[in-house]
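Below is one structure, written out as structure tokens, with a few remarks after it.
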2 protein chains.
Amino acid sequence: MALTRSDVVDAAIGILDEYGLGDLTMRRLAASLGVQPGALYWHVANKQALLGAVADRILEHLDDDMPTGDWDLRFNELAHRLRAALLAHRDGAEVVAAAHSLRTGQGGTLALLSQVLTDAGFTPAEAELAALAVLHYVLGHTADEQGHAPSETLARTAGTPAAGDTASPAGLATPGTATPGTAEGAAGGPQTSDSPLAGETARFGFGLSVFVDGLRARLT
Amino acid sequence: MALTRSDVVDAAIGILDEYGLGDLTMRRLAASLGVQPGALYWHVANKQALLGAVADRILEHLDDDMPTGDWDLRFNELAHRLRAALLAHRDGAEVVAAAHSLRTGQGGTLALLSQVLTDAGFTPAEAELAALAVLHYVLGHTADEQGHAPSETLARTAGTPAAGDTASPAGLATPGTATPGTAEGAAGGPQTSDSPLAGETARFGFGLSVFVDGLRARLT
DNA sequence: ACCTGAACACCGTTCAAGT
DNA sequence: ACCTGAACACCGTTCAAGT
């Protein structure tokens, strides 16, 4: 049966999760589909476009069933969901960053965050800038996590969360994030597991809340 | 005369400024030095190490003649200097990001920002997290600027700054930043040049000040 | 100590030609 | 419409051998 563009993206995500971005080459992808490298170019313009499609897939359904409530609650929820979506795939943050997919991507992650802030009372220009700023923060922080941190995305497998650490801020259910590829540095580093900032989610939340506090301060 | 490691880094920066990161290959670098590709590996372990050395060079002297004063003033100064240093070389932000050079780099940009915040009264853990957060912001924002914005780093050539826009926040002299490579999108996009957030430096400063406001709010 | 020559094992992309 | 075969123009890295 003939290959489909969606098949190509599926296979790409498969390679990503199993071997990482460094091994996601057009030639390996073709091989995994049992096809010649040139065949891919019928379904996808080039590698950049493929990465864009992969990124769009990673960011799909980011705003499904969004809670209603204060802007800061919704803003936090979106940021945490974004991080969770990136963590759900090996090198997810790097892929999305490489694809420049947050600004333009189909889902419009930038637009989502921006909208919450204009609802809150910011001008469109301010809202977009602030949304971009936290987007950069989330991408950077999550890329760091995926670069050299002990994984933190099982949650479904074990009953007790790894170290008192869940991806969602409140008790809100995260969208269907399957288990990711194995992390490279599984041997725990010097994790100062006593401070209130231990746990990657808490560390992430700290930077996020500083930013949200700064935003709140300008609303008065 | 025999090549020196410093020569190699110099030549790498030359290629970077003239042709960009995409054209900075070991083979091109070797050719520009009139040497065989293999010769480079006597001076540099691999490409990653080379990029690290280039990044270190870009970030050199970031804290020369730092002003004294309130932590927020010094924090802002460092952030603006960092952006200026990145803008001083084509694809500077991407190089530094790729080199993971802010955390570990010789200069210790992370340590510098962190120190300012511990001086301000934050715990070491909080200070490092907050410093990392703005580092991510600066890198992301500046990478965006360098990716598709009309260049903004002449300042020395013309008497009147391009659009009421300088890299330094106050009248503080920036360290020796030479003129960068030409920007790719020289044709001006839809620049809404009326709002108070026009001008890349103002846009950068907005996100930065939101974060600093958030930090100040926790000091009470 | 420093570099050449030459190879190894890859890349992304194009494109005539086949079915 | 969809894919093969085969090439083009590259990569980073290694390493014996030369000087």
Side-chain angles (χ1 to χ4, degrees), chain A residues 1-57 90-91 94-101 147 184, chain B residues 1-58 90-91 94-101 147 181 184:
Chain A
M1 238 295 285
L3 222 53
T4 225
R5 183 184 159 100
S6 192
D7 294 336
V8 173
V9 175
D10 285 346
I13 293 204
I15 292 182
L16 192 67
D17 285 340
E18 240 189 305
Y19 305 101
L21 182 56
D23 284 339
L24 178 47
T25 70
M26 297 301 271
R27 296 179 104 101
R28 271 187 74 116
L29 179 54
S32 93
L33 287 163
V35 100
Q36 295 296 317
L40 298 179
Y41 291 84
W42 203 93
H43 298 96
V44 108
N46 49 39
K47 189 176 183 178
Q48 178 73 21
L50 171 68
L51 286 178
V54 169
D56 283 353
R57 183 86 122 241
R90 170 115 82 129
D91 297 334
E94 229 178 320
V95 170
V96 168
H100 286 279
S101 207
E184 33 252 294
Chain B
M1 240 296 285
L3 222 52
T4 228
R5 184 184 157 99
S6 192
D7 294 336
V8 173
V9 175
D10 286 345
I13 293 204
I15 292 182
L16 192 68
D17 285 341
E18 241 189 304
Y19 305 102
L21 182 57
D23 283 338
L24 178 47
T25 71
M26 298 302 269
R27 296 179 105 99
R28 271 188 76 116
L29 178 55
S32 94
L33 287 163
V35 101
Q36 296 295 318
L40 297 178
Y41 291 84
W42 203 94
H43 297 96
V44 110
N46 50 38
K47 188 175 183 179
Q48 178 74 21
L50 171 68
L51 286 178
V54 169
D56 283 354
R57 182 87 121 239
I58 291 178
R90 170 115 82 131
D91 297 333
E94 228 177 320
V95 170
V96 169
H100 287 279
S101 207
E184 34 252 292

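Predicted model, so just to flag it, every value in this text is computed and none were measured. Labels below follow one simple rule: chain letters A, B, ... track the order of the sequence lines, proteins then strands, and each chain is numbered from 1.
- When the C1' atom of dC2(D) is taken as reference, atom CG of Asp7(A) falls 13 Å away, rounded to whole Å.
- When the nucleotides dT4(C), dG12(C), dT4(D) are ranked by their closest atom to the side chain of Ala39(B), dT4(C) comes out on top.
- Taking the side chain as every heavy atom from C-beta outward, Leu29(A) and Leu50(A) approach each other to under 4.5 Å.
- Distance, Asp23(B) CG to dA9(D) P: 17 Å, rounded to whole Å.
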Response to the item:
For DNA chain C, the dot-bracket notation using Watson-Crick and G-U wobble pairs below 3.5 Å, [ ] for pseudoknot-type crossings and | for other-strand pairs, is ||.|||||...|||||.||
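- As a whole-Å value, the separation of Trp42(A) CH2 from dT13(C) C1' is 17 Å.
- Residues meeting the side chain to side chain contact (heavy atoms under 4.5 Å, CB included) test with Ala49(B), sequence neighbours left out: Ala45(B), Asn46(B).
- Remark: C1' of dT13(D) and CG of Leu50(B) are 14 Å apart, rounded to the nearest angstrom.
- Taking CG of Asp91(B) as the reference point, atom CG of Asp23(B) lies at 9.5 Å (rounded to 0.5 Å).
- At whole-Å resolution of the value, OH in Tyr41(B) and P in dC8(C) are 17 Å apart.
- One finds a side-chain N or O of Gln36(A) lying less than 4.0 angstrom from the OP1 or OP2 phosphate oxygen of dG5(D).
- Between the side chain of His43(B) and the main chain of Leu3(B), a donor-acceptor pair closer than 3.5 Å is present.
- Of the possible polar contacts, one joining the Thr25(B) side chain to the Arg28(B) backbone as a donor-acceptor pair under 3.5 Å is found.
- Checked against dC3(C), dC11(C), dT13(D), the side chain of Lys47(B) finds its nearest nucleotide in dT13(D).
- Atom CG of Asn46(A) is separated from atom C1' of dC11(C) by 15 Å (rounded to the nearest Å).
- The shortest side-chain heavy-atom distance between Met26(B) and Pro37(B) does not fall under the 4.5 Å cut-off.
- When the C1' atom of dT4(D) is taken as reference, atom CG of Leu33(A) falls 15 Å away, rounded to whole Å.
- Each of Pro37(A) and Leu40(B) lies near DNA chain C, and the nucleotide nearest Leu40(B) is the one positioned closer to the 5' end.
- Here the P atom of nucleotide dC11(C) and the CG atom of Leu24(A) are 11 Å apart, to the nearest Å.
- Of the side-chain N and O atoms in His43(B), none sit less than 4.0 angstrom from OP1 or OP2 of dA1(C).
- If you take CG on Leu24(A) and NZ on Lys47(A), they are separated by 5.5 Å, rounding to the nearest 0.5 Å.
- For Thr25(A), the side-chain atoms get nearest to dC11(C) when compared with the rest of dG12(D), dC11(C), dC3(D).
- When the P atom is compared between dA9(C) and dC10(D), the two are found 22 Å apart, to the nearest whole Å.
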